[in-house]
Amino acid sequence: QMQLVESGGGLVQAGASLRLSCAASGRSFSSTAMAWFRQAPGKERDFVACINWSGLTTDDADSVKGRFTISRDNAKNTVYLQMNSLKPEDTAVYYCAARTNAGGTCYRSRSMFNNWGQGTQVTVSS
């Protein structure tokens with residue numbers, strides 16, 4: 001089992017940038033697909049981005065394509081989400097997720113991920 005800890009959230013103005021980090025424990029990180037999801041109050045938890053085990057393949061939601069970039073550093077057991085040109089509708093709790101011991105391929109469904117972090121709050125004001 002893998003433990004995930006997100007950090008880097010905060011309160012920013014529209015148009016600003018933030019970089020979220022997800023620190024993972026365990027030996028299986030380098031063979032595991034990693035993803036970011038987000039959830040606003042009263043809304044379902046939505047897919048944001050995924051990166052496969054090697055970092056050679058990524059998948060981004062249409063709502064963030066061109067603005068957000070997912071990356072990973074397997075030597076540091078860390079996944080990042082660089083968020084640029086932030087909009088008020090990006091306000092949500094952002095969660096890191098892993099497909100621990102379940103293969104390294106990306107998926108968009110929540111059910112495909114079996115480990116989750118505690119979340120970090122991102123608030124974008126207008």
Side-chain angles (χ1 to χ4, degrees):
Q1 296 295 323
M2 186 178 295
Q3 293 186 344
L4 308 174
V5 180
E6 302 98 329
S7 62
L11 172 62
V12 299
Q13 294 182 344
S17 297
L18 282 174
R19 190 179 76 160
L20 306 183
S21 297
C22 173
S25 64
R27 296 181 177 180
S28 62
F29 181 83
S30 61
S31 63
T32 301
M34 304 292 297
W36 290 94
F37 291 77
R38 66 185 182 185
Q39 186 169 24
K43 305 294 183 180
E44 66 182 20
R45 190 171 299 186
D46 292 331
F47 171 80
V48 176
C50 181
I51 187 165
N52 81 333
W53 68 273
S54 67
L56 296 177
T57 300
T58 61
D59 185 25
D60 306 317
D62 289 343
S63 59
V64 306
K65 192 164 295 184
R67 299 188 298 122
F68 292 8
T69 302
I70 188 171
S71 62
R72 70 190 298 159
D73 187 339
N74 285 350
K76 297 181 179 179
N77 272 29
T78 302
V79 175
Y80 305 96
L81 185 68
Q82 179 66 48
M83 305 185 295
N84 299 325
S85 301
L86 283 163
K87 305 174 181 179
E89 51 262 45
D90 295 319
T91 295
V93 176
Y94 283 70
Y95 296 91
C96 179
R99 298 187 68 244
T100 305
N101 297 319
T105 302
C106 272
Y107 293 90
R108 292 187 170 192
S109 299
R110 296 187 302 273
S111 63
M112 293 294 182
F113 295 85
N114 54 8
N115 275 278
W116 295 83
Q118 82 288 352
T120 184
Q121 177 71 48
V122 172
T123 303
V124 184
S125 65
S126 59

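One-based numbering along the sequence shown.
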Within the side chain of Arg110, is there an N or O that forms a donor-acceptor pair under 3.5 Å with the backbone of Arg45? yes
Among all residues two or more places apart in sequence or in another chain, which pass the side-chain hydrogen bond (donor to acceptor under 3.5 Å, both in side chains) test with Ser54? Asn52
How far does OG of Ser71 sit from CZ of Arg19, to the nearest 0.5 angstrom? 7.0 Å
May I ask whether Leu4 and Phe47 are part of the same hydrophobic cluster, defined by side-chain heavy atoms of I, L, V, M, F, W, Y residues being less than 4.5 angstrom apart, directly or through others? no
Show which side-chain atoms of residues 78-88 pair as donor or acceptor with protein atoms under 3.5 Å away, not counting sequence neighbours.
residue	atom	partner	partner atom	Å
Thr78	OG1	Lys76	O	2.9
Gln82	NE2	Asn84	OD1	3.1
Asn84	OD1	Ser17	OG	2.9

Output every pair passing disulfide (SG to SG under 2.5 Å) with a member in residues 33-84, not counting sequence neighbours, ordered by first then second residue. Cys50-Cys106
Mind checking the CG-NZ spacing from Asp59 to Lys65? Nearest 0.5 Å is all I need. 6.5 Å
Contacts table for residues 20-33: side-chain donor-acceptor under 3.5 angstrom, sequence neighbours left out:
residue	atom	partner	partner atom	Å
Ser25	OG	Gln3	N	3.1
Ser31	OG	Ser28	O	3.0
Thr32	OG1	Ser28	O	2.7

Which residues share a ring pair (Phe, Tyr, Trp, His ring centres under 6.0 Å) with Trp116, sequence neighbours left out: Phe37
Closer than 3.5 angstrom, by distance alone: can the side chain of Gln39 be matched with the main-chain N or O of Ala92 as a donor-acceptor pair? no
Joint cluster assignment, Trp36 & Phe68, ILVMFWY side-chain distance < 4.5 Å: yes
d(Asn114 CG, Met112 CE) to nearest 0.5 Å is 11.0 Å
Grab the two heavy atoms, one from Arg72 and one from Ile51, that are nearest each other, plus how far apart they are. NH1-O, 3.6 Å
Under 3.5 Å: donor-acceptor pair, side chain of Glu6, backbone of Thr120: no
dist Tyr107:OH -> Phe113:CZ (nearest 0.5 Å) comes out at 9.5 Å
Looking only at heavy atoms, the pair that brings Met34 and Ala98 closest together is SD-CB, 3.5 Å
All heavy atoms of Asp60 vs all of Val64, minimum pair found to be CB-CG2, 4.5 Å
Do Arg38 and Val122 come close enough that some side-chain heavy atom pair is under 4.5 Å? no
Apply side-chain contact (heavy atoms from CB on, under 4.5 Å) to Asp90 and Arg67, showing your working. CA-CA 11 Å; Asp90 295 319; Arg67 299 188 298 122; 2.8 Å; yes
If hydrophobic clusters are built from ILVMFWY residues whose side chains come within less than 4.5 Å, do Leu18 and Val93 share one? no
For Glu89, does the CD atom sit with more than 12 other heavy atoms under 6.0 Å from it, leaving out its own atoms? yes
Among pairs that include at least one residue of residues 95-105, which meet side-chain hydrogen bond (donor to acceptor under 3.5 Å, both in side chains), considering only residues two or more places apart or in two chains? Thr100-Asn115
